[in-house]
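For reference, the structure discussed in these notes is given below.
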Amino acid sequence: MDLFGKNKTPPTAGAPTDEQNLSAKKQKYAGALEAANKNQVRLQNVHWENGKILIRGEAPSEDAKNKVWDAVKAVNGGASPQDATIEITVAKGQGGAVGGAQAPSRTYTVQTGDTLSKISKQFYGDGNAYMKIFNANKDKLKDPDKIQPGQQLTIPPKS
């Protein structure tokens, strides 16, 4: 090694960081994450833990849960993943309103590319109902056109 450290190993060489591993696994499991989003699975965690990607969420139905698992298995040739921990539960009481009771509000984590209109379309089947979501989140949102990935939004029940 000379005075200027030319023979040193660069600091970026070596094993990937947890952040790099997480990013790579998010790309690998992008189809499963998209299936979760399309099937209204509320993701609670997506992070790197114990050398694996951990994806934890709550599905509105057994069918939605199964669709996410189908996407996970598609990535792995039909097998359960060895490089991921997937924990998807089914929300209690989500089989429909009981005794005419109104369904409870849900929370949704904003994903990259989301708009209130897109979220409204996902939950209500009508993109024009976005103001219902905006009004339920006035404590967090000042403008319906300005939402950020990672924000937790309350989704009021469909009326």
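Every value quoted in this text rests on a predicted model; they were computed, and no experiment measured them.
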Atom [atom1] of [X] and atom [atom2] of [Y]: how far apart are they, to the nearest 0.5 Å?
| X | Y | atom1 | atom2 | result |
| --- | --- | --- | --- | --- |
| Thr17 | Leu22 | OG1 | CG | 9.5 Å |
| Ile147 | Gln111 | CD1 | CD | 10.0 Å |
| Arg56 | Ile86 | CZ | CD1 | 11.0 Å |
| Lys28 | Asn21 | NZ | CG | 12.0 Å |
| His47 | Lys26 | NE2 | NZ | 11.0 Å |
| Ile88 | Arg42 | CD1 | CZ | 11.0 Å |

>> Would a single hydrophobic cluster contain both Ile119 and Val46, if residues Ile, Leu, Val, Met, Phe, Trp and Tyr are joined by side-chain heavy-atom contacts under 4.5 Å?
In response: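 No, separate clusters.
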> Is there a path of hydrophobic side-chain contacts, each under 4.5 Å between heavy atoms of I, L, V, M, F, W or Y residues, that connects Phe123 with Leu43?
Replying inline: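 Per the 4.5 Å side-chain linkage, Phe123 and Leu43 are not co-clustered.
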Closest non-hydrogen atom pair between [X] and [Y], with its separation:
| X | Y | answer |
| --- | --- | --- |
| Lys132 | Pro157 | NZ-O, 2.8 Å |
| Tyr124 | Pro156 | OH-O, 2.6 Å |
| Lys67 | Ala35 | O-CB, 4.2 Å |

> So, Glu62 side chain and Val90 main chain: donor-acceptor pair closer than 3.5 Å or not?
Replying inline: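 No, the answer is negative, given that no donor and acceptor are paired below the 3.5 Å cut-off.
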>> Using a 3.5 Å distance criterion without hydrogens, assess whether the side chain of Ser117 forms a donor-acceptor pair with backbone atoms of Gly127.
In response: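 Flag set: sc Ser117 to bb Gly127 pair under 3.5 Å.
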> Is it the case that more than 12 heavy atoms not belonging to Lys140 sit under 6.0 Å from its NZ atom?
Replying inline: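 More than 12 within 6.0 Å, yes.
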> CZ of Phe134: more than 12 outside heavy atoms within 6.0 angstrom?
Replying inline: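 Atom CZ in Phe134 is packed in, count exceeds 12.
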>> So if I apply the side-chain contact (heavy atoms from CB on, under 4.5 Å) rule between Gln152 and each of Thr107, Val110, Asn137, which one comes out positive?
In response: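 Of Thr107, Val110, Asn137, side-chain contact (heavy atoms from CB on, under 4.5 Å) with Gln152 is met by Thr107 alone.
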>> Between Leu141 and Leu116, does the side-chain contact (heavy atoms from CB on, under 4.5 Å) criterion hold? Intermediate values first, please.
In response: CA-CA 11 Å; Leu141 302 174; Leu116 285 184; 4.2 Å; yes
> Do Asn37 and Tyr108 meet the criterion of a side-chain donor-acceptor pair at a distance under 3.5 Å?
Replying inline: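 The answer is yes; a qualifying pair exists.
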> Could you walk me through whether Gln40 and Arg106 pass the side-chain contact (heavy atoms from CB on, under 4.5 Å) check?
Replying inline: CA-CA 10 Å; Gln40 301 175 4; Arg106 297 184 258 189; 3.3 Å; yes
> Could you go step by step and tell me if Val72 and Tyr29 meet the side-chain contact (heavy atoms from CB on, under 4.5 Å) rule?
Replying inline: CA-CA 7 Å; Val72 169; Tyr29 289 99; 4.1 Å; yes
>> Are Glu87 and Leu54 packed together at the side-chain level, in the sense that at least one heavy-atom pair is separated by less than 4.5 angstrom?
In response: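 Yes; the side chains approach each other to less than 4.5 Å.
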> Is there side-chain contact between Ile53 and Asp83, with at least one heavy-atom pair below 4.5 Å?
Replying inline: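 No, side chains not in contact.
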